[in-house]
Amino acid sequence: MTDITPLSADALATLVEDFEASDHNRMAMNAVTAAGINKVARNYDRARLMQRRFSTIVDNGTATHQDRSGRCWLFSSLNVARFVAKKNMGLKEFEFSQNYAMYYDKLERVNYFLQDVAELVKAGEPSDSRLIQHLLADVMGDGGQWTMAMNVYKKYGAVPKDLFPETESSKNTGEMNVQLRRLLHTAVAHMYADPASIESVIAEATAAGHRILTIHLGEPPKSFDWEWTDKDGEFHRDGEVTPVEFWQKYVGSADLESYVCLVDDPRQEHAKGKKIGIEHLGNVAGGDPTEYLNVPNQFMKDCVRQILEEQGIPVWFGADCHPMMDRENGAWATDLFEYGKVYGVDFDLNKEDRVRFADSAMNHAMAFVGVDVAEDGTTTRRWRVENSWGDKIADKGYFTMSDDWFTEYVYEVAVPKALLPAEYQAALDEPATMLPAWDPMGALAM
């Protein structure tokens with residue numbers, strides 16, 4: 001092992017002397033220790049100019065709340081679906097059960113993980129390999145992708161929230177996930193200890209996973225009677241329907257399952273106009289693979305603008321939500337905080353370098369519900385975002401995003417295939433370039 005240069009007492013003394021010699025450093029320390037970095041670094045002029053006015057707004061009602069869970073991808077995809085359902089049923093307010101969606105996502109993930117790892121064990125993959133260790137570390141989190149959500153809705157449909165409401169564990173998933181993770185870790189250990197017993201291990205762990213989920217989340221309905229009164233006071237009754245029938249009847253017209261996931265992978269070695277996929281990333285065995293079409297960021301913006309203006313429907317997207325975010329006031333802009341000026345540091349990484357050196361990746365999914373377009377009819381200036389962090393922050397739960405922040409930190413959008421030009425549609429029929437399970441483009445929205 002190469003020698004690592006220690007931090008000497010003389011070097012430390014020099015650091016201290018240099019810090020204390022600067023009046024700026026002393027003032028910054030006084031301010032940050034008293035008020036916190038975000039209050040000190042907040043760009044007052046930029047913040048006051050973040051307007052909440054948009055040339056196009058899609059009203060989707062009261063903001064939802066994912067509580068202490070990483071279900072944003074389910075909340076945001078169901079927020080798109082609920083807009084369609086509300087329109088089809090003539091309702092002012094409506095919400096799908098996110099608990100129902102999570103129940104079947106996790107049940108399917110138990111099976112997917114066990115089957116996936118079993119094949120690796122049979123193929124002789126060492127238990128200490130990077131792949132196995134990555135899969136073990138990442139298993140049974142809450143995060144996901146648009147395609148994974150659609151896999152759940154296609155197979156299991158959806159139900160109104162009041163028919164399968166939240167539980168203590170759906171709102172705060174940590175302890176449930178710990179137990180599920182322990183179950184799956186144990187199963188993998190047993191697979192390696194006795195490869196001949198793999199099938200029985202899978203069967204027993206799947207049954208246990210189902211049992212744990214049902215204890216924590218409740219038993220989801222197989223069918224239900226649906227009746228409602230629309231916003232005009234008219235009563236409607238469907239009678240008994242299954243969750244799949246409910247989804248198909250009230251959301252199916254939007255054909256969300258056929259949407260294409262566009263991604264902006266800024267790394268030069270990944271060509272635009274080509275598909276990429278992530279190995280071992282999925283939830284429903286036999287469902288659609290998690291693949292993306294890599295496109296320029298500007299093309300993503302154009303698609304979102306067109307959908308909002310012409311179709312009037314929310315658009316699901318994934319972003320790195322943490323940089324330059326004012327959570328309480330609900331704003332994102334690339335210059336909203338001046339951290340570098342406080343610290344005397346030049347944070348100069350571009351989007352490609354941030355991805356390449358683990359400084360940025362998609363970690364949160366939301367829905368675009370508005371855009372402000374300049375007088376030329378195409379130049380986007382700011383975006384309205386429906387979040388799933390409740391209505392006590394931002395503009396009753398709705399955020400404002402500057403257009404430059406979209407460029408730097410939005411990675412993925414889900415759009416209708418019909419919006420793609422011929423060459424992009426043709427690319428969808430080509431095999432995807434598969435990236436390893438730990439690639440940053442495989443990051444999950446939470």
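Note that the structure is a prediction, hence the values are computed from the model and not measured.
- Geometrically, Arg327 engages Trp389 in a cation-pi contact, judged by NZ or CZ lying under 6.0 Å from the ring centre and within 45° of the ring axis.
- Using a 4.5 Å heavy-atom cutoff, the side chains of Tyr153 and Ser77 are in contact.
- Residues Lys396 and Glu386 are not paired through a salt bridge, judged by the lack of any N-O separation under 4.0 Å between the basic side chain and the carboxylate.
- Between the side chains of Gln425 and Lys417, not a single donor N or O lies within less than 3.5 Å of an accepting N or O.
- Salt-bridge formation is not detected for the pair Glu175/Arg68: no Lys NZ or Arg NE/NH1/NH2 atom is positioned less than 4.0 Å from an Asp or Glu carboxylate oxygen.
- Not one N or O on the side chain of Asp230 forms a donor-acceptor pair closer than 3.5 Å with the backbone of Gly90.
- In the model, Gln179 has a side-chain atom that pairs as donor or acceptor with a side-chain atom of Arg182 under 3.5 Å.
- Aromatic rings of Phe299 and Tyr424 (six-membered ring for Trp) have centroids within the 6.0 Å cut-off, being under it.
- Between the side chain of Gln133 and the backbone N or O of Ser127 there is at least one donor-acceptor pair closer than 3.5 Å.
- Using a 3.5 Å distance cut-off with no hydrogens or angles, the side chains of Asn111 and Thr206 do not pair a donor with an acceptor.
- Within a 6.0 Å sphere centred on NZ of Lys274, heavy atoms belonging to other residues, nucleotides or ligands number 12 at most.
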Please assess Lys272 against Glu423 for the test salt bridge (charged side-chain N to carboxylate O under 4.0 Å, His left out), listing each intermediate value before the final yes or no. CA-CA 11 Å; Lys272 298 299 184 182; Glu423 61 270 26; over 6 Å; no
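- Val241 has its side chain out of reach of Ser223: every pair of non-hydrogen atoms, C-beta onward, lies at least 4.5 Å apart.
- Aromatic ring centres of Tyr411 and Phe317 lie farther apart than the 6.0 Å criterion allows.
- Salt bridge annotation for Lys154-Asp288: present, with a cationic side-chain nitrogen under 4.0 angstrom from a carboxylate oxygen.
- No side-chain N or O of Gln306 forms a donor-acceptor pair with one of Asp302 less than 3.5 Å apart.
- Residues Arg384 and Val58 are not in side-chain contact: their nearest non-hydrogen atoms beyond the backbone lie 4.5 Å or more apart.
- For Thr407 and Asp404, the side-chain atoms include no donor-acceptor pair closer than 3.5 Å.
- Salt-bridge formation is detected for the pair Lys155/Glu108: a Lys NZ or Arg NE/NH1/NH2 atom is positioned less than 4.0 Å from an Asp or Glu carboxylate oxygen.
- There is no side-chain donor-acceptor pair under 3.5 Å between Ser170 and Tyr103.
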Arg381/Asp403 under salt bridge (charged side-chain N to carboxylate O under 4.0 Å, His left out): CA gap, chis, key distance, verdict: CA-CA 5 Å; Arg381 296 166 11 122; Asp403 194 68; over 6 Å; no
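- For Arg42 and Asp326, the salt-bridge test passes: some basic side-chain N is under 4.0 Å from an acidic carboxylate O.
- Judged by distance alone, the side chain of Arg181 and the main-chain N or O of Val139 form a donor-acceptor pair under 3.5 Å.
- Comment: Arg237 does not engage Asp225 in a salt bridge, judged by the lack of any side-chain N to carboxylate O separation of less than 4.0 angstrom.
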Stepwise, does the side-chain hydrogen bond (donor to acceptor under 3.5 Å, both in side chains) test hold for Asp391 with Thr62? CA-CA 7 Å; Asp391 60 1; Thr62 304; 5.5 Å; no
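- Judged purely by distance below 3.5 Å, without hydrogens or angles, the side chains of Gln51 and Thr400 never pair a donor atom with an acceptor atom.
- The aromatic rings of Tyr339 and Phe337 lie parallel to each other, their planes meeting at an angle below 30°, with 60° marking the opposite boundary.
- Asn294 and His270 form no side-chain donor-acceptor contact under 3.5 Å, judged by distance and modelled atom types alone.
- Between Asp264 and Lys351, at least one side-chain nitrogen of the basic residue sits less than 4.0 Å from a carboxylate oxygen of the acidic one, meeting the salt-bridge criterion.
- Looking at heavy atoms from C-beta onward, Phe94 lies in side-chain contact with Pro160 at the 4.5 angstrom threshold.
- Put simply, the side chain of His280 does not reach to within 4.5 Å of the side chain of Val117, judged on heavy atoms.
- Between Lys222 and Glu240 there is no salt bridge, since none of the side-chain N atoms of the basic residue sits less than 4.0 Å from a carboxylate O of the acidic one.
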Just do the side-chain contact (heavy atoms from CB on, under 4.5 Å) check on Tyr250 and Trp226 with the steps written out, would you? CA-CA 12 Å; Tyr250 294 111; Trp226 178 238; 4.2 Å; yes
Please lay out, stage by stage, how Phe246 and Phe224 fare under the test ring-ring contact (aromatic ring centres under 6.0 Å, His included). CA-CA 9 Å; Phe246 187 74; Phe224 55 92; 5.5 Å; yes
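- With hydrogens and angles disregarded, a donor-acceptor distance shorter than 3.5 Å links the side chain of Trp405 to the backbone of Pro323.
- Side-chain atoms of Ser388 and Gln66 form a donor-acceptor pair, as typed in the model, at a separation below 3.5 Å.
- Using modelled atom types, one finds no donor on one side chain facing an acceptor on the other under 3.5 Å when comparing Trp228 with Glu234.
- Using a 4.0 Å cut-off between charged side-chain N and carboxylate O, Glu245 and Lys249 make no salt bridge.
- Ring centroid separation for the pair Trp383 and Phe406 comes in under the 6.0 Å cut-off.
- With salt bridges taken as basic N to acidic carboxylate O contacts below 4.0 Å, one links Lys275 and Glu291.
- Ion pairing between a basic and an acidic side chain is recognised when a charged N comes within 4.0 Å of a carboxylate O; Arg71 and Asp105 show no such pairing.
- Contact detail for Leu336 and Ala331: the closest heavy-atom pair is CD2-O, 3.6 Å.
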Asn177 and Asp142: CA distance, side-chain angles, deciding distance, side-chain hydrogen bond (donor to acceptor under 3.5 Å, both in side chains) verdict: CA-CA 8 Å; Asn177 289 345; Asp142 291 341; 2.9 Å; yes
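- No more than 12 heavy atoms of other residues, nucleotides or ligands lie within 6.0 Å of NZ in Lys39, so this atom counts as exposed by the packing criterion.
- Using a 4.5 Å heavy-atom threshold, the side chains of Leu256 and Val251 count as touching.
- Remark: side-chain polar atoms of Thr173 are not paired, donor with acceptor, to backbone N or O of Ser169 under 3.5 angstrom.
- In terms of modelled atom types and a separation under 3.5 Å, the side chain of Asn387 and the main chain of Ala63 share no donor-acceptor contact.
- For the pair Asn283/Met148, a side-chain contact is recorded, criterion being any heavy-atom separation below 4.5 Å from C-beta on.
- Proximity of a side-chain donor or acceptor of Tyr398 to a complementary backbone N or O of Arg52 within less than 3.5 Å is not detected.
- In this structure, Arg46 does not pair ionically with Glu338, as no charged nitrogen and carboxylate oxygen lie closer than 4.0 Å.
- A salt bridge links Glu269 and Arg356; the closest N-O separation between the charged side-chain nitrogens and carboxylate oxygens is under 4.0 Å.
- Heavy-atom contacts from other residues, nucleotides or ligands closer than 6.0 Å to NZ of Lys87 number 12 or fewer.
- Formation of a donor-acceptor pair under 3.5 Å by the Glu227 side chain with backbone atoms of Asp238 is not found in this model.
- Using a 4.5 Å heavy-atom threshold, the side chains of Glu119 and Val121 count as separate.
- Between the Ser55 side chain and the Val371 main chain, a donor and an acceptor come within less than 3.5 Å of each other.
- Between the side chain of Asn60 and the main chain of Val369, no donor-acceptor pair closer than 3.5 Å is present.
- Across all their heavy atoms, Ala443 and Gln145 have their closest contact at O-NE2, 3.1 Å.
- Side-chain polar atoms of Asp376 and Thr379 form a donor-acceptor pair below 3.5 angstrom.
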Step by step, would you call Asp320 with Arg354 a salt bridge (charged side-chain N to carboxylate O under 4.0 Å, His left out)? CA-CA 11 Å; Asp320 180 2; Arg354 287 195 299 271; over 6 Å; no
